[in-house]
Trainee: 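Got a structure here, written out as structure tokens. Questions coming.
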Amino acid sequence: MGLLLPKNAKLIAQGITGSEGRVALPWMQKYGTKIVAGVTPGKGGQELSGVPVFDTVEKAVEKVGQVDGSVLFVPPMQVKKAVEEAIRAGIRFILIGAEKVPVADASAMYELALKKGANIIGPSSVGLISPSRKIKIGSIGGPNPDQVYKEGEIAVISKSGGMTSEIALHLGQHGFGISWAVGIGGERIICADFADFLLELEKDFTTKASVIFGELGGTYEERVAHLVREKKIKKPVVAFIAGEFTETLPSNIQFGHAGAIIEGRSSRPSAKRKILAQSGITVADDFDEIAELVKKVIV
Amino acid sequence: MTLYEFEGKELLNKYGITVPRFEILDSAEAVPSVSPPFFLKVQVLSGKRAASGGIVEVKNKKDFFSATKTIRSKKFNGETPQKIIAEEKISFTREHYLSVYYDTARRSPALLYTIDGGSGVEKRKIEKYSLRAEDGEMGNIPLPRPLIDKLLSLFFSEDCVLLEINPLVESEKNGKKIWMALDAKIKLDSTASGRHDWNYPPRSSGHAPTLREIEAKKIDDGDYRGTAGSSFFDMEGDIGILASGGGASLMALDALIKKKGKPANYTEYSGNPSKEKVEKLTKIVLSKPGLSGLWVIGGVANFTDIYETLSGLVDGLKKARQELSLTIDYPIVIRRGGPRDEEAFAMLAEVKDFDFHIYGRETSISKSAEEMVRLSNIYKKIKKSGVKSR
């Protein structure tokens, strides 16, 4: 199984009894996501919005059967342990919501995912949503995702959770709906990146084009440019890269996301825009023109 | 967080990597006990220190006083050095370069090495070795394994995101060959601070932090839920910024600057912070003199409670008036959406003593930037004519 879960996918939620999990759980259920069990160590036996809570992932899977994935509402310092536990129990799709997960932990989780053939989204992912499949994993779209995420043919992949919804809103205001939208997180080390999603979207028949939202720092945008040039990504991509103003300020300052820091020339927004444009990707100058550019690339 | 050279060297020492003997001189009067020749090295966070005269060799005692005086009167990339170290002179033949960091291209830790280090190394060819076990490149690093092991132990145990040694040299001590780190640049991963007892005073890379920056960074202390002000940077403009979201804040400032607006600061809050955190950040943003507008800008939030955070804004505005005796008569443009936004807008409509201009999701961030610039220009014009007529 890949990053794009099938309709009726069954999930467990780790850390569900925490303040964020409690709020997000009914939102996900209302949308149609099938959350079959919750896991919080020491809280086994409780029930939350009709979902049974277990002490461990192993016990949960034993009771409800194998699941398609796990969504984590676990605090940052416990994330790595929770991911290891899920993978040990045979789970191969994990979405991490927590911000401020140490870089070393993120890198270790990515290594583990590679080794075990697992797909991890995050850390710091706002979630994954697909209106036609009635799947909403994480807090993406808040309590009323329908206001922003209309069913359609455009995928949105964003380093920023807030901007994931903002792009969907903008597209919706111009008559475009969403096939998939995901926040991949703005951390220095993330697990699934833009390219991982774009490669899977190549095979997704509902998606006609993608919009990616990048920013200063890292090389994840660069990888997209390479794969487009190598013709591994063929569906049209419209890119928006934020943070050009930071280039006039001293380098080595962190802006918002942990990965948003200029270290070396290629991590500058202007360098990213250039390499993306050179490989044939449509780069938006102004956020408000994204929908217009999407219209152009899908005809 | 970036460490000063002396802090980095203390860590290297702790993990058994030899560094030259050094002493910290924290006042102009301090005299080192080592005898010349030695180096005076300013402790600043920006690079290219040697090129700007931050490293001076002292050949005899007489030279010391004039050398400290010159070096202390200088600024390095805007930073005035608080501390200087006096460090023994080491003889060596070659300058190697080594660094360990997280390589986003492979999403794993990696090591960079060249035998051809020293200044200007960024222009030369450097080999990259993956540190991911199954890539199997560790064995290819042309340095002694015990040295590599110590460096990696430091990198991982201390949660570094960067460990750079330039130069790394081979020297002799008591007739034995020994590897020595003559410089150290270490960046720690602040998100991992919960599992360490780091006790480093606040600092900002590349420039001396302003009081507002220091205050803003304190807001998140001891409360991991949501963040407010952990990124704060003073800028030269007159429009105060209270942005939400890492991505939206960047996009918003680009948009404002494109519309010829001048931000007074960069900052953001996100991840559903408490009302109190937003209140504190509001006060810090408002404390900047000469504002002609406040832009409260964010996208359509997924999780952040808009009623809570905008209540924090109102509390901050009111307290800034009371406690800091600020007038706050300039336009305040708010553009936001998300959970409980309708309640939030109803609450704001009841607040009559500020010049609010409230927009929801129907107005784009770029459009709201345009509106902010327009209103702040009108405000400035009125102010100017008001002064003239007096």
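Throughout, protein chains are lettered first and strands after them, A, B, ... in sequence-line order, and every chain is numbered starting at 1.
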Trainee: Taking every non-hydrogen pair under 4.5 Å, which of A/G162, A/G97, A/A104 racks up the most with chain B?
Mentor: A/A104
Trainee: Select one option (side chain, backbone, both, neither) describing which atoms of A/E20 are under 4.5 Å from chain B's heavy atoms.
Mentor: both
Trainee: Tell me, yes or no, whether the heavy-atom count around A/R265 atom CZ, taken from other residues, nucleotides or ligands under 6.0 Å, exceeds 12.
Mentor: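 No - once you tally the heavy atoms of other residues, nucleotides and ligands closer than 6.0 Å, there are 12 at most.
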Trainee: Which atoms of A/K159 come close to chain B, meaning under 4.5 Å heavy atom to heavy atom: side chain ones, backbone ones, both, or neither?
Mentor: neither
Trainee: For chain A, which of B/A248, B/S249, B/G245, B/S270 has the most heavy-atom pairs under 4.5 Å?
Mentor: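 Most heavy-atom pairs within the cutoff with chain A belong to B/A248.
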Trainee: Who wins among A/P102, A/S160, A/G142, A/A242 for the most heavy-atom pairs under 4.5 Å with chain B?
Mentor: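 Among A/P102, A/S160, A/G142, A/A242, the one with the most close pairs to chain B is A/P102.
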Trainee: Take B/F233 and A/L249, measure what side chain to side chain contact (heavy atoms under 4.5 Å, CB included) needs, and give me the verdict at the end.
Mentor: CA-CA 9 Å; B/F233 191 81; A/L249 301 170; 3.5 Å; yes
Trainee: Which bit of B/P109 is near chain A, if near means a heavy-atom gap under 4.5 Å: side chain, backbone, both or neither?
Mentor: both
Trainee: Where does B/D103 contact chain A at under 4.5 Å (heavy atoms): side chain, backbone, both or neither?
Mentor: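 Only the backbone of B/D103 comes within 4.5 Å of chain A.
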Trainee: Heavy-atom distances under 4.5 Å only: say whether A/V101 touches chain B with side chain, backbone, both or neither.
Mentor: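 The backbone, not the side chain.
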Trainee: Examine whether an atom of A/I261 lies under 4.5 Å from a heavy atom of chain B, and if so say whether it belongs to the side chain, the backbone or both; otherwise answer neither.
Mentor: side chain
Trainee: Identify which part of A/Q173 has an atom lying under 4.5 Å from any heavy atom of chain B, answering side chain, backbone, both or neither.
Mentor: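 Interface part for A/Q173: side chain.
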Trainee: Surrounding NZ of A/K150 (heavy atoms of other residues, nucleotides or ligands, distance under 6.0 Å), is the total greater than 12?
Mentor: yes
Trainee: Under a 4.5 Å cut-off applied to non-hydrogen side-chain atoms, are B/R225 and A/P75 in contact?
Mentor: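 With C-beta onward as the side chain, the pair stays apart.
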Trainee: Any non-hydrogen side-chain atom of A/F245 less than 4.5 Å from a side-chain atom of B/L250?
Mentor: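 Yes, their side chains come closer than 4.5 Å.
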Trainee: Chain B heavy atoms under 4.5 Å from A/V103: which part of the residue, side chain, backbone, both or neither?
Mentor: both
Trainee: Is B/D220 in contact with chain A via its backbone, its side chain, both, or neither, using a 4.5 Å heavy-atom distance?
Mentor: side chain
Trainee: Taking side chain as everything from C-beta outward and backbone as N, CA, C, O, which of these in A/F255 sits under 4.5 Å from a heavy atom of chain B? Side chain, backbone, both or neither.
Mentor: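 When you check distances to chain B, atoms from both the backbone and side chain of A/F255 fall under 4.5 Å.
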Trainee: Which atoms form the tightest heavy-atom contact between B/R106 and A/Y110, and what is the distance?
Mentor: O-CE2, 3.8 Å
Trainee: Check whether any side-chain heavy atom of B/T191 lies under 4.5 Å from a side-chain heavy atom of A/P76, and answer yes or no.
Mentor: no
Trainee: If you count every heavy atom of other residues, nucleotides or ligands that lies below 6.0 Å from A/E247 atom CD, does the total exceed 12?
Mentor: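 For A/E247, atom CD is crowded (more than 12 foreign heavy atoms under 6.0 Å).
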Trainee: Determine the option with the most heavy-atom pairs under 4.5 angstrom with chain B, choosing from A/T246, A/D105, A/V148.
Mentor: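 When all of A/T246, A/D105, A/V148 are compared, A/D105 has the most.
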Trainee: Of all heavy-atom pairs between B/P339 and A/P143, which one has the smallest distance, and what is that distance?
Mentor: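 Scanning both residues, the minimum pair turns out to be CG-CD, 3.7 Å.
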Trainee: Inspect the contact between A/D196 and B/R107 and indicate whether a charged nitrogen and a carboxylate oxygen are less than 4.0 angstrom apart.
Mentor: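 Yes, this pair counts.
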Trainee: Calculate, to the nearest 0.5 Å, the distance between atoms CD and OH belonging to A/E187 and B/Y102 respectively.
Mentor: 13.0 Å
Trainee: Does some side-chain heavy atom of A/E111 sit less than 4.5 Å from a side-chain heavy atom of B/E134?
Mentor: yes
Trainee: Between the side chains of B/R335 and A/E166, is the shortest nitrogen-to-carboxylate-oxygen separation below 4.0 Å, so that they form an ion pair?
Mentor: yes
Trainee: Walk me through it: do A/S139 and B/N302 pass the test side chain to side chain donor-acceptor pair (under 3.5 Å)?
Mentor: CA-CA 6 Å; A/S139 55; B/N302 297 290; over 6 Å; no
Trainee: So which heavy atom on A/K100 is nearest to which on B/G226, and how close?
Mentor: NZ-O, 3.8 Å
Trainee: For B/A133, is it the side chain, the backbone, both, or neither that has a heavy atom closer than 4.5 Å to a heavy atom of chain A?
Mentor: both
Trainee: Sort A/I140 into side chain, backbone, both or neither according to what part of it lies under 4.5 angstrom from a heavy atom of chain B.
Mentor: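 A/I140 touches chain B through backbone and side-chain heavy atoms alike.
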Trainee: With a sphere of 6.0 Å drawn around NZ of B/K367, does it hold more than 12 non-hydrogen atoms of other residues, nucleotides or ligands?
Mentor: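 For B/K367, atom NZ is not crowded (no more than 12 foreign heavy atoms under 6.0 Å).
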Trainee: Pick from A/M163, A/E215, A/E244: which one makes a side chain to side chain contact (heavy atoms under 4.5 Å, CB included) with B/M251?
Mentor: A/M163
Trainee: Checking heavy atoms, do the side chain of A/N144, its backbone, both or neither come under 4.5 Å from chain B?
Mentor: neither
Trainee: Can you say whether A/I190 sits under 4.5 Å from chain B via the side chain, the backbone, both, or neither, judging by heavy atoms?
Mentor: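 Only the backbone of A/I190 comes within 4.5 Å of chain B.
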Trainee: For chain B, which candidate among A/G243, A/S107, A/A168, A/G141 shows the most heavy-atom pairs at distances under 4.5 Å?
Mentor: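 Ranked by contacts with chain B, first place is A/G243.
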Trainee: What's the shortest heavy-atom distance between B/S108 and A/I189, and which atoms?
Mentor: N-CD1, 4.2 Å
Trainee: Which heavy atom of A/S165 sits nearest to which heavy atom of B/V300, and what is that distance?
Mentor: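 That closest heavy-atom pairing would be CB-O, 3.6 Å.
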Trainee: Using non-hydrogen atoms and a 4.5 Å limit, figure out which bit of A/R223 sits close to chain B: side chain, backbone, both or neither.
Mentor: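 Side chain only.
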Trainee: Please determine whether side chain to side chain donor-acceptor pair (under 3.5 Å) holds for the pair B/T104 and A/T219, giving the CA-CA distance in whole Å, both sets of side-chain angles, and the decisive distance to 0.1 Å.
Mentor: CA-CA 6 Å; B/T104 55; A/T219 49; 2.6 Å; yes
Trainee: Kindly check if the number of other-residue, nucleotide or ligand heavy atoms within 6.0 Å of CD (B/E236) is above 12?
Mentor: no
Trainee: State whether the number of non-hydrogen atoms from other residues, nucleotides or ligands found under 6.0 Å of A/K81 atom NZ is greater than 12.
Mentor: no
Trainee: Measure distances from B/D159 to the heavy atoms of chain A and classify the residue's part below 4.5 Å as side chain, backbone, both or neither.
Mentor: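 Interface part for B/D159: side chain.
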Trainee: Does the side chain of A/D285 reach to within under 4.5 Å of the side chain of B/K258, using non-hydrogen atoms?
Mentor: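 Heavy-atom side-chain distance check passes, below 4.5 Å.
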